[in-house]
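Everything on this sheet refers to the single structure shown next.
Whatever order the structure lists ligands and atoms in, that order sets their numbers, starting from 1. Numbering of residues begins at 1 and proceeds along the displayed sequence. Everything numeric in this text was worked out from a predicted model, so none of it was measured.
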Amino acid sequence: MAFVLTAFVFIFLSWFVRVTYETLSFYWLSPRRIKKIMEKQEVRGPQPRPLIGNILDMATLVSSSTSNDMPTISHDIVARLLPHYLLWSRKYGKRYIYWNGFEPRMCLTDPDMIKELLTKYNPLSGKSWLQQQGSKNFIGNGLLMANGDAWHHQRHIVSPAFMSDKLKSYAGYVVDCTNNMLQSLGDTFESSKNEVEIGDLMTNLTADIISRIEFGSNFEKGRKIFHLLNLLQNRCAQASRHLCLPGSRFFPSKYNKDIKALKTEVEELLMEIIISRKDCVAMGRTDSYGKDLLGILMNELQNKKRDGFNLNLQLIMDEIKTFFFAGHETTALLLTWTIMLLASNPEWQEKLREEIEQVCNGETPTIDHLPKLRMLSMIINESLRLYPPATLLPRMAFEDIKLGDLLIPKGLSIWIPVLAIHHDKELWGDDANEFNPERFASKSSISSRFLPFGAGPRNCIGQTFAIMEAKIILAMLVSQFKFKISSNYRHSPVVVLTIKPKHGVQVFLEPLNR
Ligand code: HEM
């Protein structure tokens, strides 16, 4: 009996010592080690506070800089959206360290070093534990948050869904959904209201499109799932506050309970659709899981069964949620900001209308027209430069790596502030804060300083689709309506994961009865 008790106490003590050491190492020893290594290389930053690091400093600065709307439609928005970046980069140099809770993060803006990090060091860097925890409940282990071999395998599985033959079939959905939207806009005019808020309109449109692409004929159910997913995402956006306390994700708090309930509801609905398709194939009623994105993923995994993979239903759900999260809001914001820019720059709007007329000749735009719409590409690029929906790119070093003249120690997170790079006068010239699509007239202007879709092997897998979608929607809208910015529009960009117009974008639409 005494022996059993001694063994039990020994096992418990060993476990306790290990957990205590790992917790201490994670929250204290490792961050301190990183800080020392970086300080030796002259990379410094603001003093962190216990547990919360510099989170409060950043929140206070941003809350003060965004408390008022901007007096004019100016694109000089870095001081407003990243006041901490301006303050700290002036004080400590362009690469400095700040603390997100207990996680040290180095800000990196040098285009050559960024290129090296995103291309050469892809498998040796990836998404950090803190990021994964923040989004785990709404996108799980989908492609966006996967690392290492799991990422490689998933990228391989989902790539066929973005090949050019598939994009052609998605273009049909984009045209149908846009036609529906334009039709309901026409109805709005019959009730003599011609001011519309473009932000909500574009969010609904892109959500409609992605629901049809992902779920085909099950798209009504898909819309319901995505509505719940939006609620879940908004709750999870508060995660960084809740993750500062060690073990807080296990507390039975209202926050954690709400998240769990929503997640369960989303996954039950998703699983219903997946299981019914699985059953149809199993019973021999169909020989494929479908031609929509869900079907493509299930078919790919099924084909890979021979190589030892299984039809991992959780992974399928995570990818479906990831595509919705990564794909619909970003594209809606690209469209919203582009319409705001065209509505406040009527000369560019007119030039674009002429180009569309010349290329499409009154027909609905098809995928073959798109490469010929060069001015539209330039305008979209300039919009992505001034208002990049993804304002930063995050990476964590999983091993010690050498980046330019710097040794980046294992465990250091690197944050690439895309917004600041896109507005940097040293990289773009004195007119960096002006709307000037002409700068994209030559292909050489698209270089490592332009990062709306990231770079390297982990760049945005949906970028060709997103550009195709944006081009079709804009071409259809511009050829049917003239628009000008409303006096009710208040220019007030804010960052909540992505750059959003705080009060929406109100424009006057005038139908062009051609
Ligand atoms: C204007 C629209 C879009 C923008 C600005 C955008 C931006 C980005 C950026 C910057 C990344 C890289 C993130 C990183 O390196 O950490 C990314 C990755 C990703 N995007 Fe997009 N995206 C857009 C549209 C889409 C669409 C339409 C889809 C899918 C339907 C999509 C799916 C993804 C996925 C799955 C990843 C993760 C790729 C990986 O890690 O291998 N995105 N996106």
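- Within the sub-2.8 Å shell of atom 21 (Fe) of ligand 1, the protein contributes these N/O/S atoms: Cys460 SG.
- In this structure, Lys321 pairs ionically with Asp318, as a charged nitrogen and a carboxylate oxygen lie closer than 4.0 Å.
- Close approach of ligand 1 to Phe323 (heavy-atom distance below 4.0 Å) involves ligand atoms 29 (C), 35 (C).
- Using cut-offs of 30° and 60° on the angle between ring planes, the pair Trp428 and His422 is perpendicular.
- In this structure, Asp165 places its CG atom where more than 12 heavy-atom neighbours from other residues, nucleotides or ligands lie under 6.0 Å away.
- Under a 4.0 Å criterion applied to the non-hydrogen atoms of Arg155, ligand 1 contributes the atoms 38 (C), 39 (C), 41 (O).
- Proximity to Leu393 (heavy-atom distance under 4.0 Å) selects the following atoms of ligand 1: 10 (C), 13 (C), 14 (C), 15 (O).
- The two residues Ile273 and Leu294 have their closest heavy-atom pair at CG2-CD2, 3.9 Å.
- Residue-level proximity to ligand 1 for Glu469 is absent, since no heavy atom of it falls below 4.0 angstrom.
- Heavy atoms of Glu319 come nearer than 4.0 angstrom to ligand 1 in no pair at all.
- Those atoms of ligand 1 that come under 4.0 Å of a heavy atom in Pro394, given as number and element, are 16 (O).
- Nearest heavy atom pair, residue Ala455 against residue Leu118, reads O-CB, 3.6 Å.
- By the 4.0 Å N-to-carboxylate-O rule, Glu382 lies close enough to Arg385 to be salt-bridged with it.
- Taking the six-membered ring where the residue is Trp, Tyr387 and Trp337 present parallel rings, their angle staying beneath 30° rather than reaching 60°.
- Minimum heavy-atom separation, Met202 to Ile473: SD-CG2, 4.4 Å.
- Between Arg458 and ligand 1, at least one N/O pair is under 3.5 Å apart.
- Every atom of ligand 1 with a heavy atom of Asn459 under 4.0 Å away is listed here by number and element: 38 (C).
- For a threshold of 3.5 Å applied to N or O pairs, the pair formed by Trp151 and ligand 1 contains at least one separation below that value.
- The existence of a salt bridge linking Asp431 and Arg439 is confirmed by a sub-4.0 Å separation between a basic side-chain nitrogen and an acidic carboxylate oxygen.
- Classification of the Phe102-Trp129 ring pair by plane angle, with boundaries at 30° and 60°, yields tilted.
- Residues Thr330 and Pro389 approach most closely at O-CG, 3.6 Å, considering heavy atoms.
- Regarding atom 14 (C) of ligand 1, its nearest protein heavy-atom neighbour is Arg395 NH1, 3.5 Å.
- Distances between N or O atoms of Thr331 and those of ligand 1 include no value under 3.5 Å.
- If you check which protein heavy atom lies closest to atom 10 (C) of ligand 1, you get Pro452 O, 3.3 Å.
- When each atom of ligand 1 is checked for a heavy atom of Lys127 under 4.0 Å away, the hits are 14 (C), 16 (O).
- Lys115 NZ: 12 or fewer foreign heavy atoms inside a 6.0 Å radius.
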